[in-house]
2 protein chains.
Amino acid sequence: MADERAQAPLPANSRRAQIMKAAGDLFERRAYQEASMEAIAQHVGIRKASLYYYFSSKDELLGQMQQEMIEPVINAHQSRLSEGALDSRGLLLAMMTDLVSLTETHPGHMRIYVERHRELPELIRGKIAEQTDRYRGMLVDVLDRGVAEGVFTVADPNLTAMAILGMCGSTYQWYRPGGKCTAPEIAQYFYHILMTGIETSS
Amino acid sequence: MADERAQAPLPANSRRAQIMKAAGDLFERRAYQEASMEAIAQHVGIRKASLYYYFSSKDELLGQMQQEMIEPVINAHQSRLSEGALDSRGLLLAMMTDLVSLTETHPGHMRIYVERHRELPELIRGKIAEQTDRYRGMLVDVLDRGVAEGVFTVADPNLTAMAILGMCGSTYQWYRPGGKCTAPEIAQYFYHILMTGIETSS
DNA sequence: CCTACCGATCGGTAGG
DNA sequence: CCTACCGATCGGTAGG
């Protein structure tokens, strides 16, 4: 018999999503130390121990949050590829827009992804690192394709990919929704810099 | 009377530098959790309690490390300005080289600077944030100057500065010394992308 | 700079 | 999903 004061467990999937959202919110606004399992539970409105009904450990929770970030951008790129409607320029802009938009939709996840990746246990960290490498490879492929099409001139596609990822992946550090720029506008501007550079063409 | 087994305290300045270096090393190679005061002390070869002879708290130590990063790049830029030998292009390249080089000379400090800034107590965090803002302002000034000189075409100097800082400030995430590129080479390449863009000029 | 020690917190578990 | 609880660790202090 369950304690009468205990709520009925919610369906695992929706509760898990709710917990991840709460953790993301805490990471976005507060320092990491404050995103304890206790704080996350309070934010959800359940007891800390109940979190362990949905996640076997804090590492599993953090790992899930990171995967929830990288998977959608991989999938978005792949479906664009299979649609075949975009050329290398269009694909590049779309990727950059995806990346910067994460800052708008999942700012806390983004921060966790960048700043806590190394803290995960080997197994799950490896899985996420693999997806990150895969995405970087996709970006390099788009650059190579642009070179093949004659529209890009890229001396070092790998370094160029790192520049793009660094530019787009650090927006979470300063972007605040409701400011003067939306995420797609920032992506568009970064794309513009990347395309034409800032040197005056005389 | 001191315990006979106790070493004599080293001069505060050199010991403090040694402690900061040890903390940087730990941050570079290990996850943050492992960079405890205990681990830092072991790495230095003293007892944890002895750290508190040199730093009043862990926050003071982390704050010092962050300031030790931002101050040199501010000073380097200012002395270049007062020398007056460089134009806006030269100044920009020099700033980017400074930033990327931190990854080589202080990789652990760089990681702490980016990933643990929010965890510091208000007072010291504010001081460092101020210096960061100041440096960003200096970068915007260089861009503005290039526009005035007619050599740069920049629609939004602030956003451009964020792109540059994001690009250069995230190299610590992937750069490993002894690879195929040195830090100045990476800075040079990033500068090249920034100047001319990747779009083939037909 | 050391020995000895502490309060607080944190992730996690037992058992229902 | 809750109550009750624990072991480990961590930053930090007292006192020399």
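Every chain is numbered from 1, with letters handed out A, B, ... down the list of sequences. These values consider heavy atoms only, across backbone and side chains, with no hydrogens, waters or symmetry-generated copies.
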Intra- and inter-strand pairs of DNA chain D in dot-bracket (Watson-Crick or G-U wobble, both distances under 3.5 Å; | for another strand)
||||||||||||||||
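Shortest non-hydrogen contact noted between B:Ser101 and B:Ala183 is CA-CB, 3.8 Å.
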Pairwise N/O distances under 3.5 Å, protein to nucleotides 7-11 of chain C:
{"from": "C:dG11", "atom 1": "OP1", "to": "A:Lys58", "atom 2": "NZ", "distance (Å)": "2.7"}
{"from": "C:dG11", "atom 1": "OP2", "to": "A:Met37", "atom 2": "N", "distance (Å)": "2.9"}
{"from": "C:dG11", "atom 1": "N7", "to": "A:Lys48", "atom 2": "NZ", "distance (Å)": "2.6"}
{"from": "C:dG11", "atom 1": "O6", "to": "A:Lys48", "atom 2": "NZ", "distance (Å)": "3.3"}

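Taking atom OH of A:Tyr54 as the reference point, atom C1' of D:dC2 lies 12 Å away to the nearest angstrom. Atoms CD1 (B:Ile46) and C1' (C:dC2) sit 10 Å apart, rounded to a whole Å.
Looking only at atom types and distance, the side chain of B:Thr103 has a donor-acceptor partner in the side chain of B:Thr171 under 3.5 Å away. Side-chain atoms of A:Gln18 and A:Tyr54 form no donor-acceptor pair, as typed in the model, at a separation below 3.5 Å. B:Tyr113 and B:Thr132 share a donor-acceptor pair across their side chains, judged by distance under 3.5 Å alone.
Between B:Tyr53 and C:dC2 there is no side-chain N or O to OP1 or OP2 distance below 4.0 Å.
If you take CZ on B:Arg111 and CE on B:Met65, they are separated by 12.0 Å, rounding to the nearest 0.5 Å.
If you check every strand for non-hydrogen atoms under 4.0 Å, B:Phe55 touches nothing.
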Under the salt bridge (Lys or Arg N to Asp or Glu O under 4.0 Å) rule, what do B:Glu68 and B:Lys21 come out as? Steps first, then yes or no, please.
CA-CA 11 Å; B:Glu68 221 182 40; B:Lys21 181 167 180 352; over 6 Å; no
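Distances were taken from every side-chain heavy atom of B:Ala49 (C-beta onward) to each of C:dC2, C:dC1, D:dC1; the shortest belongs to C:dC2. Taking only side-chain atoms of A:Arg47, from C-beta outward, the nucleotide of D:dC2, C:dC1, D:dC1 with the closest atom is D:dC2.
Just one residue in the list B:Ile124, B:Leu120, B:Val114 forms a side-chain contact (heavy atoms from CB on, under 4.5 Å) with B:Gln66, and that residue is B:Leu120.
Residues A:Phe27 and A:His109 fail the side-chain proximity criterion, which asks for heavy atoms closer than 4.5 Å.
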